[in-house]
Amino acid sequence: MKLSPAQLAQFDDLGYVYLPECFSPEEIAAIRRASQDVLEQPRPEVWREKDGSPRTAFACQKYNEMCRRMVTDERLVEPVEQLFGESVYLHQFKINAKAAFTGEVWQWHQDFPTWHKDDGMPDARAMNIAVFLDDVMPINGPLMLVPRSHRAGALPSAHDTVTTSYPLWTLDKETVTEMVEHNGIETPVGKAGGVLMFHANLVHGSAGNITPYSRRIAYLTLSAVSNAITKPTRPDFIAHRDFTPVKKVAAKELADFAKNGEAVAA
Ligand SMILES: O=C(O)CCC(=O)C(=O)O
């Protein structure tokens, strides 16, 4: 799946592009079952909020077949290859739960500074591509993006190990205020099955979820192969060390697996 010239222009201008209805309801139902399975597992890759509810399941492509298949799906891989003009490898895969009632905040940040400072990623030639597993609404902790903020490059950040269970290089209030004064805040919302791609230097965050509606999102972080990390300090399940180019497969493969499940796997 390639981005159209209009979508490429939007990505360049705003720093993100939202693609509705990329995955069918049947596929999403199967991915949701997979996410339920991985988020419930008591393993070091599954991080929890302070109250014990799941926050993030990292590297679930290594312990769930549906997640493994998502990593190679052409709908997710091809647009990123197109933007970088080369093959990509998987830097990270995660499912963020943002659970009903208890899902906590993601502080304001850009992704690249964390990848650069913690993993030794050379350039902002990587990005998150998010698959909405639930309907993302204005009320259940949607991603909040500051459009055009990617043009500012990597902004000064501080290591926050206190606010949530997940350490992150975050932006201070003054920086966020200045960015927002110029550009505002946008919240791409939409039905489960939509896909959101955003630039590694786009300022973003999300509020807590006190609604009865969970807001699960799966994220592939794909990096240009020429941009492999050089000094990883985080565990392999957070910053992968396998820089093999992802070999994309046709969307039909995942659709068939969602339909026939174990029969196909066997
Ligand atoms: O899922 C969210 O609300 C935010 C996740 C995020 O910003 C990240 O993983 O960098």
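In listed order, ligands and their atoms are each counted from 1. All residue numbers in this chain count up from 1 along the given sequence.
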Item to complete: Specify the protein heavy atom at minimum distance from atom 9 (O) of ligand 1: its residue, its atom name, and the distance to 0.1 Å.
Response: Lys94 NZ, 2.8 Å
Worksheet entry | Ser214 side chain vs Arg216 backbone, donor-acceptor pair below 3.5 Å | no
Discussion item. Looking at every non-hydrogen atom in both residues, tell me the closest pair between Ala207 and Met144 and how far apart they are.
Written reply: N-CE, 4.1 Å
Response to the item:
Closest non-hydrogen contact found for Glu81 with Lys248 is OE1-NZ, 2.8 Å
Practice prompt. Can you pull out the closest protein heavy atom to atom 2 (C) of ligand 1? Residue, atom name and distance to 0.1 Å, please.
Written response: Tyr219 OH, 3.2 Å
Discussion item. Please compare Asn96, Val136, Thr56 and report which has the shortest non-hydrogen distance to atom 5 (C) of ligand 1.
Written reply: Asn96
Worksheet item: What residue and heavy atom of the protein are closest to atom 4 (C) of ligand 1, and at what distance?
Response: Trp106 CG, 3.4 Å
Item to complete: Would you mind listing which atoms of ligand 1 come within a distance below 4.0 Å of any non-hydrogen atom of His204?
Response: 6 (C), 7 (O), 10 (O)
Worksheet item: With a cut-off of under 6.0 Å to the ring centre and 45° to the axis, is Arg55 in cation-pi contact with Tyr166?
Response: no
Fill in: ligand 1-proximal atoms of Asp111, by part, heavy-atom distance under 4.0 Å
side chain
Practice prompt. Flag Ser206 as yes when one of its N or O atoms lies below 3.5 Å from any N or O atom of ligand 1, and as no otherwise.
Written response: yes
Practice prompt. Look up atom OH in Tyr219 and atom CG in Leu76, then write down how far apart they are to the nearest 0.5 Å.
Written response: 13.5 Å
Worksheet item: Okay, side chain of Asn209, backbone of Gly103: is any donor-acceptor separation there less than 3.5 Å?
Response: no
Worksheet item: Would you say Ile217 touches ligand 1, if touching means a heavy atom closer than 4.0 Å?
Response: no
